[in-house]
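These notes are about the structure you will find just below.
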Amino acid sequence: LQIISREVERAVEDGDVLFINQRQLLAFGHIENIPLVPEYELKEVMEHAMAGDEAYFRGFYQDLEGGRFSLIIASGMSLAKHRVPHSFEEESEAWRKYVAVKLFDWYSPAIKLDDVGVWLYKPVIGNED
């Protein structure tokens, strides 16, 4: 919590902070004065990914490319496809295709808190074409 709080405090000076998940930190007051971005909250994004909603993701991709977020708090992500079938395989593939692939175009994991399953993503420097 201290690491996340510190990084959010630093990042808020440079842009919006997006909590894709871990929004309970905002709801219960563990992190204050950070507006929630509900259109990109985990359940909302996942529903659109499962539906293959390209129109919804255009706005998300524009925000990523435009550097709207100075910090993104989310679970760890991978671009690799699962080799072995598993439960939630369709959800994993939709997330990889619509979220992870584009997120990694513009953001990289800066801090990995694997013990709690949270990664902090920061904009990639020099990703302008």
Side-chain angles (χ1 to χ4, degrees):
L1 181 58
Q2 289 176 333
I3 293 169
I4 295 170
S5 294
R6 180 189 68 227
E7 293 300 318
V8 166
E9 198 172 294
R10 290 177 182 165
V12 74
E13 296 176 12
D14 297 323
D16 291 340
V17 175
L18 173 61
F19 280 78
I20 291 180
N21 59 14
Q22 305 302 318
R23 67 183 276 183
Q24 75 276 6
L25 297 176
L26 304 174
F28 297 128
H30 297 293
I31 295 178
E32 298 178 326
N33 303 317
I34 302 297
L36 180 65
V37 183
E39 65 269 25
Y40 301 140
E41 192 268 333
L42 178 65
K43 290 180 183 178
E44 186 74 20
V45 174
M46 193 67 218
E47 283 203 25
H48 289 282
M50 289 299 295
D53 187 350
E54 303 274 345
Y56 167 84
F57 282 104
R58 276 194 290 278
F60 182 61
Y61 300 155
Q62 287 173 346
D63 285 342
L64 293 177
E65 183 176 358
R68 175 180 173 188
F69 306 109
S70 56
L71 184 67
I72 297 174
I73 289 83
S75 299
M77 294 183 218
S78 171
L79 297 179
K81 290 186 177 187
H82 291 279
R83 292 181 178 174
V84 180
H86 60 89
S87 58
F88 303 112
E89 186 171 357
E90 293 84 8
E91 290 91 341
S92 294
E93 178 56 20
W95 187 265
R96 189 192 68 74
K97 177 181 177 183
Y98 287 103
V99 180
V101 169
K102 283 297 192 178
L103 183 101
F104 279 122
D105 281 348
W106 301 101
Y107 290 78
S108 64
I111 298 174
K112 297 177 180 181
L113 304 171
D114 288 326
D115 54 330
V116 292
V118 177
W119 287 12
L120 283 65
Y121 299 84
K122 293 185 179 180
V124 175
I125 304 299
N127 61 6
E128 302 84 17
D129 290 332

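Nothing here was measured: the structure is a model prediction, and the numbers come from that model.
Tyr61 places a side-chain N or O within donor-acceptor distance of the main-chain N or O of Tyr98, the cut-off being under 3.5 Å. Of the possible polar contacts, one joining the Asp53 side chain to the Tyr56 backbone as a donor-acceptor pair under 3.5 Å is found. With hydrogens and angles ignored, the 3.5 Å screen pairs a side-chain donor or acceptor of Ser70 with a backbone N or O of Ala11.
Here Phe57 contributes atom CZ and Tyr40 contributes atom OH; the two are 9.5 Å apart, rounded to the nearest 0.5 Å. Taking CD1 of Ile4 as the start and CD1 of Ile73 as the end, the distance is 7.0 Å to the nearest 0.5 Å. Going from atom CD of Glu7 over to atom OH of Tyr121 covers 14.5 Å, rounded to the nearest 0.5 Å. Annotation: the span from Met50 atom CE to Glu91 atom CD amounts to 4.5 Å, rounded to 0.5 Å. The structure places CD of Glu32 at 9.5 Å from OG of Ser5, a figure rounded to the nearest 0.5 Å. Between atom CD of residue Glu41 and atom CD of residue Glu47 there is a gap of 10.0 Å, rounded to the nearest 0.5 Å.
No side-chain heavy atom of Phe19 sits under 4.5 Å from any side-chain heavy atom of Val37. Between Leu71 and Tyr107, every side-chain heavy-atom pair lies at or beyond the 4.5 Å cut-off. For the pair Phe69/Val17, no side-chain contact is recorded, criterion being any heavy-atom separation below 4.5 Å from C-beta on. Using a 4.5 Å heavy-atom threshold, the side chains of Arg96 and Met77 count as separate. No side-chain heavy atom of Val101 sits less than 4.5 Å from a side-chain heavy atom of Val99. Counting heavy atoms from C-beta on, the side chains of Leu18 and Ile20 come closer than 4.5 Å.
By the side chain to side chain contact (heavy atoms under 4.5 Å, CB included) test, Asp115 is found to be paired with Leu113, residues two or more places apart in sequence or in another chain being considered.
When all heavy atoms of Gln24 and His30 are compared, the pair lying nearest together is O-CD2, 4.3 Å. In plain terms, the two heavy atoms of Ala49 and Ala94 that are nearest each other are O-CB, 3.7 Å.
Here Glu9 does not pair with Arg6 in a salt bridge; the nearest charged N to carboxylate O distance is not below 4.0 Å. In this structure, Glu65 does not pair ionically with Lys102, as no charged nitrogen and carboxylate oxygen lie closer than 4.0 Å. By the 4.0 Å N-to-carboxylate-O rule, Arg68 lies close enough to Glu39 to be salt-bridged with it.
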- Evaluate the side chain to side chain contact (heavy atoms under 4.5 Å, CB included) criterion for residues Ile3 and Ile111: first the C-alpha distance (whole Å), next the side-chain angles of each, then the deciding distance (0.1 Å), finally the verdict. CA-CA 9 Å; Ile3 293 169; Ile111 298 174; 4.1 Å; yes
- Task: Kindly determine whether Ile72 and Leu103 satisfy side chain to side chain contact (heavy atoms under 4.5 Å, CB included), including the steps that lead there.
- Result: CA-CA 10 Å; Ile72 297 174; Leu103 183 101; 3.6 Å; yes
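Using a 4.5 Å cut-off between side-chain heavy atoms of Ile, Leu, Val, Met, Phe, Trp and Tyr, with links allowed through other members, Val116 and Trp119 fall into different hydrophobic clusters. Put simply, Phe104 and Leu42 are part of the same group of oily side chains (I, L, V, M, F, W, Y) that touch within less than 4.5 Å, one to the next. Hydrophobic clustering (side-chain heavy atoms under 4.5 Å, transitive across Ile, Leu, Val, Met, Phe, Trp, Tyr) keeps Val118 apart from Trp95.
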